[in-house]
Engineer: 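Once you've had a glance at the structure underneath, I'll fire off some questions.
Both ligands and their constituent atoms are indexed starting at 1 by order of listing.
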Amino acid sequence: FLTPVQIPSKTKLSTRGGDDDFGDVSLWRIEKVDKVFGDNADDDDVVPSYPNPLSQKARIPSSWFVDEDDAVAAKVNVDVHQTCIIDEEAAAPAFMLAGPRMEIAFDPEVSRAAIVTCGGLCPGLNTVVREVVMCLRRQYGVENVYGVPEGYRGFQSPEDWRPLDETVVANFHNLGGSVLGSSRGGYDTKAIVDSLAAQNINMLFVIGGDGTLRGAAKIAEEVKKRGLQISVAVIPKTIDNDIPLVDRTFGFETAVEAARDAINVANVEAEGFPLGLGVVKVMGRNSGFIAMHAALGSRVVDLCLVPEVDFYLDGPGGIVDHLAARLLENNKAVVVVAEGAGQDLIAAEQEEEGEQVTDLSGNVMLEDIGRWLADKLKTRLGDKLQNQTKHGDSVSIKYIDPSYMVRGVPPNTADNVYCTHLAHNAVHGAFAGLTSFVVGSVNTRECFVPTRVLVNKRNVIDTEHQSLWEYVVFDTGQPCFQTESDDVDRRKDITISASGGVVLELE
Ligand SMILES: Nc1ncnc2c1ncn2[C@@H]1O[C@H](COP(=O)(O)OP(=O)(O)OP(=O)(O)O)[C@@H](O)[C@H]1O
Ligand SMILES: O=P(O)(O)OC[C@H]1O[C@](O)(CO)[C@@H](O)[C@@H]1O
Ligand SMILES: [Mg+2]
């Protein structure tokens with residue numbers, strides 16, 4: 001599946017020296033997603049082909065259709081002297097460009113599709129469902145589209161599946177939460193594929209986060225093992241933005257706006273009281289993107305704590321000194337703490353290592369860093385600032401945990417537009433006969449990323465390169481807790497995700 005794109009040997013390529021003629025080199029390798037009808041040459045012969053109904057519509061220009069080898073480069077920073085990659089190993093993958101193909105692999109008249117929403121609720125879930133239905137029915141003429149209720153476990157009760165059409169979903173894009181319902185746990189590969197086969201489904205659209213994606217990869221694998229022709233398309237969803245490689249997940253920006261509102265209230269409270277200290281805890285599980293973006297967006301934050309950067313309370317360079325100085329200087333301060341930050345500090349205080357509590361999906365439940373931090377700061381700053389002010393004020397802590405307020409809201413316009421891109425391209429990918437792919441924006445271009453490239457990886461804040469995190473440290477003036485890691489080659493290592501993230505390999 002690694003088809004190097006050969007450039008004619010006479011192509012002149014500027015390079016840092018040596019002769020200009022490299023002979024045949026691969027400019028990049030295109031990561032091709034799996035095909036529903038088999039991924040080796042013999043199967044290609046049997047891949048059915050139908051004209052895309054879109055191409056029958058007079059007003060659609062042929063330029064709207066995408067060719068097989070159109071791709072999106074995953075790496076955006078390359079060494080300025082190197083305009084092509086000679087060493088195959090160094091070659092960054094490029095991902096297949098999303099979009100409609102002139103020829104499609106499924107007959108729309110007999111296609112039957114299922115849509116499922118899994119994991120935590122997220123602004124935009126219903127918009128994706130709406131747009132998958134609209135694209136299937138209006139652009140491809142598919143009659144039978146079903147909504148699977150309550151996440152993966154809904155496959156076990158096909159009698160509860162909801163027929164979806166343009167009328168049913170008309171107002172979905174204005175609704176928060178999931179009209180179909182979601183859940184955690186309840187995953188059973190065999191039961192899911194049995195149900196897909198029994199209901200003659202040939203396209204499955206899975207909307208979920210990192211956990212859902214792991215499940216979808218297993219479904220696609222089982223489908224392939226059984227020789228079934230079912231396309232499994234994943235639309236990545238999570239307010240945490242912890243899906244790697246893609247620029248962002250839908251719902252994230254809406255959640256950031258809601259978190260920013262909570263931070264602004266904390267600032268109002270902090271400004272309204274002598275030595276007011278606003279402390280805000282925000283969701284994001286093991287990544288700090290919501291905290292980082294909301295802190296930057298509000299511009300009133302003196303300290304932003306994220307899971308990716310360890311911090312300490314006491315002593316030189318600790319957060320207590322930093323906040324004490326800010327409170328004495330401005331008579332107020334605001335702290336944003338991501339819910340996954342500081343878990344090591346809480347664990348260090350617990351006598352014996354407790355049994356890790358997990359949710360129904362196996363996610364480790366987090367300790368409440370917000371309350372823990374507010375309590376610690378109240379005592380430490382109380383002592384430190386005692387009698388430091390004219391009226392002998394002590395610190396006045398205003399603790400805000402917006403919790404589900406950041407994800408239960410309807411999607412903002414930017415997320416609704418993004419959901420439309422993702423949903424329609426998931427349908428185009430399925431009709432192209434592709435499977436086990438995640439549709440997402442990489443360097444602002446929608447493409448199909450093979451699910452296998454994303455499984456067991458997490459998008460985390462990039463604290464090593466010129467990225468958003470640097471602006472946080474500049475803007476808040478907070479202690480920079482990172483040690484200088486000199487083994488980072490700043491030129492070649494890149495930030496793939498536009499939200500200032502890099503890929504963390506999970507063990
Ligand atoms: N490794 C796995 N294999 C199969 N299914 C999984 C796996 N991990 C999670 N799932 C299933 O995927 C679904 C969603 O997972 P999870 O609850 O972790 O939410 P998520 O998809 O990560 O979304 P979010 O992070 O936004 O909550 C659940 O039904 C869960 O059982
Ligand atoms: O929905 P639950 O099970 O309460 O889980 C909350 C978690 O879900 C998320 O909203 C999405 O993963 C996290 O940010 C948060 O920690
Ligand atoms: Mg998750």
Side-chain angles (χ1 to χ4, degrees), residues 116-125 128 148-156 176-178 180-193 204-222 232 234-244 246 248-252 254-256 258-259 262 281-294 306-307 337-341 343 357-370 401-409 415 436 438 451-452 454-460 504 506-507:
V116 66
T117 62
C118 307
L121 296 182
C122 176
L125 267 171
V128 173
V148 178
E150 298 181 352
Y152 278 137
R153 69 183 187 194
F155 286 97
Q156 299 178 33
S178 172
L180 296 182
S182 182
S183 66
R184 297 189 190 280
Y187 176 85
D188 177 333
T189 309
K190 183 185 176 314
I192 292 169
V193 179
L204 171 61
F205 299 95
V206 183
I207 311 169
D210 59 316
T212 304
L213 193 147
R214 288 193 289 271
K218 291 177 183 172
I219 295 168
E221 199 53 45
E222 178 66 12
V232 179
V234 179
I235 298 103
K237 160 244 52 151
T238 179
I239 62 166
D240 303 341
N241 197 41
D242 59 1
I243 302 284
V246 294
R248 72 181 201 274
T249 50
F250 75 80
F252 164 65
T254 301
V256 168
K281 179 182 85 168
V282 293
M283 283 186 164
R285 211 183 283 280
N286 304 111
S287 297
F289 291 103
I290 296 176
M292 175 169 78
H293 282 247
V306 293
V337 55
E339 62 178 348
Q343 298 296 307
V357 180
T358 61
D359 66 14
L360 291 174
S361 296
N363 297 299
V364 174
M365 304 299 279
L366 298 166
E367 299 288 347
D368 187 346
I369 185 65
D401 176 357
S403 182
Y404 296 101
M405 298 288 286
V406 308
R407 74 175 208 194
V409 291
D415 269 331
S436 200
V438 174
T451 311
R452 65 179 175 280
L454 299 175
V455 167
N456 286 338
K457 294 187 178 85
R458 179 183 300 144
N459 186 33
V460 293
L504 172 70
L506 302 177
E507 59 285 348

Engineer: To the nearest 0.1 Å, how far is atom 6 (C) of ligand 1 from its closest protein heavy atom, and which atom is that?
Structural biologist: Gly211 O, 3.5 Å
Engineer: Tyr187 side chain to Gly151 main-chain N or O, any donor-acceptor pair under 3.5 Å?
Structural biologist: no
Engineer: Please report the interatomic distance OG1(Thr249) to CD1(Ile243), rounded to the nearest 0.5 Å.
Structural biologist: 7.0 Å
Engineer: Do me a favour and list the nearest non-hydrogen protein atom to atom 18 (O) of ligand 1 with residue, atom name and distance?
Structural biologist: Asn363 ND2, 2.9 Å
Engineer: Just heavy atoms, cut-off under 4.0 Å: does Leu121 contact ligand 2 by side chain, backbone, both, or neither?
Structural biologist: neither
Engineer: Verify, without hydrogens or angle tests, whether Glu339 (side chain) and Ile369 (backbone) share a donor-acceptor contact under 3.5 angstrom.
Structural biologist: no
Engineer: Quick check: does Tyr404 get an N/O under 3.5 Å from an N/O on ligand 2?
Structural biologist: yes
Engineer: Is the shortest distance from a heavy atom of Gly209 to ligand 2 less than 4.0 Å?
Structural biologist: no
Engineer: Tell me every residue that passes salt bridge (charged side-chain N to carboxylate O under 4.0 Å, His left out) with Asp210, counting only those two or more places apart in sequence or in another chain.
Structural biologist: Arg214
Engineer: Using non-hydrogen atoms of the residue, decide whether Asp359 is closer than 4.0 angstrom to ligand 2.
Structural biologist: no
Engineer: Of all the atoms in ligand 1, which lie at a distance below 4.0 Å from a heavy atom belonging to Thr238?
Structural biologist: 24 (P), 25 (O), 26 (O)
Engineer: List the closest protein heavy-atom neighbour of atom 5 (N) of ligand 1: residue, atom name, distance to the nearest 0.1 Å.
Structural biologist: Tyr187 CG, 3.4 Å
Engineer: How far is atom 22 (O) of ligand 1 from the closest protein heavy atom, and which atom is that?
Structural biologist: Asp210 OD1, 2.6 Å
Engineer: Leaving out waters, which are not shown anyway, how many protein N, O or S atoms lie closer than 2.8 Å to the Mg ion (ligand 3)?
Structural biologist: 1
Engineer: Out of Gly151, Gly209, Ser287, Cys118, whose heavy atom is nearest to atom 20 (P) of ligand 1?
Structural biologist: Gly209
Engineer: Among all the protein's non-hydrogen atoms, which is closest to atom 21 (O) of ligand 1, and how far away is it?
Structural biologist: Thr212 OG1, 2.5 Å
Engineer: Can you tell me how far the NE2 atom of His293 sits from the CG atom of Asn241, to the nearest 0.5 Å?
Structural biologist: 6.5 Å
Engineer: What closest approach, in Å, do Ala341 and Val306 show between heavy atoms, and which atom pair accounts for it?
Structural biologist: CB-C, 3.6 Å
Engineer: Starting from atom 30 (C) of ligand 1, find the nearest protein heavy-atom neighbour and note its residue, name and distance.
Structural biologist: Ser361 OG, 3.3 Å
Engineer: With the threshold set at under 4.0 angstrom, would you say Lys237 reaches ligand 1 through any of its heavy atoms?
Structural biologist: yes
Engineer: For the atom pair OG1 (Thr254) and CZ (Arg407), what is the distance rounded to the nearest 0.5 Å?
Structural biologist: 14.0 Å
Engineer: Using a 4.0 Å cutoff against the non-hydrogen atoms of Gly215, which atoms of ligand 1 qualify?
Structural biologist: 4 (C), 5 (N)
Engineer: In ligand 2, which numbered atoms sit nearer than 4.0 Å to a non-hydrogen atom of Glu339?
Structural biologist: 13 (C), 14 (O), 15 (C), 16 (O)
Engineer: Looking at atom 1 (O) of ligand 2, what's its closest protein heavy atom, distance included?
Structural biologist: Arg407 NH2, 2.8 Å
Engineer: Counting heavy atoms only, which of Thr238, Asn363, Asp240 is nearest atom 12 (O) of ligand 2?
Structural biologist: Asp240
Engineer: Within a distance under 4.0 Å of any heavy atom of Gly120, pick out the atoms of ligand 1 and give their elements.
Structural biologist: 23 (O), 24 (P), 26 (O), 27 (O)
Engineer: Please name the pair of heavy atoms, one in Gly181 and one in Thr117, separated by the smallest distance, quoted to 0.1 Å.
Structural biologist: O-OG1, 2.9 Å
Engineer: Looking at every heavy atom in both Leu121 and Ser182, which two are closest together, and how far apart are they?
Structural biologist: CD2-CB, 4.1 Å
Engineer: Extract all donor-acceptor atom pairs below 3.5 Å that involve side chains of residues 360-368 and protein atoms in other chains or at least two apart in sequence.
Structural biologist:
{"residue": "Ser361", "atom": "OG", "partner": "Gly185", "partner atom": "N", "Å": "3.0"}
{"residue": "Asn363", "atom": "ND2", "partner": "Asp359", "partner atom": "OD1", "Å": "3.4"}
{"residue": "Asn363", "atom": "ND2", "partner": "Asp359", "partner atom": "OD2", "Å": "3.0"}
{"residue": "Glu367", "atom": "OE2", "partner": "Gln350", "partner atom": "NE2", "Å": "3.4"}
{"residue": "Asp368", "atom": "OD1", "partner": "Lys281", "partner atom": "NZ", "Å": "3.1"}
{"residue": "Asp368", "atom": "OD1", "partner": "Gly370", "partner atom": "N", "Å": "3.0"}
{"residue": "Asp368", "atom": "OD1", "partner": "Arg371", "partner atom": "N", "Å": "3.2"}

Engineer: Would you check if Pro307 and Gln343 make a side-chain contact, meaning some heavy-atom pair closer than 4.5 Å?
Structural biologist: no
Engineer: Mind checking the CD1-CZ spacing from Ile239 to Phe250? Nearest 0.5 Å is all I need.
Structural biologist: 11.5 Å
Engineer: Can you name the closest pair of heavy atoms from Val234 and Ala216 and give their distance?
Structural biologist: CG2-CB, 3.5 Å
Engineer: Applying salt bridge (charged side-chain N to carboxylate O under 4.0 Å, His left out), can you list everything that pairs with Glu150, at least two apart in sequence or on another chain?
Structural biologist: Arg153
Engineer: Answer yes or no: does an N/O atom from Met283 fall short of 3.5 Å to an N/O atom of ligand 2?
Structural biologist: no
Engineer: Under 4.0 Å from a heavy atom of Ile239: which atoms of ligand 2 are those, numbered in the order shown and with their elements?
Structural biologist: 10 (O), 14 (O)
Engineer: Give me the residue, atom name and distance of the protein heavy atom closest to atom 29 (O) of ligand 1.
Structural biologist: Gly185 O, 2.8 Å
Engineer: Can you report which non-hydrogen protein atom sits closest to atom 1 (N) of ligand 1, along with the distance?
Structural biologist: Arg214 NE, 3.3 Å
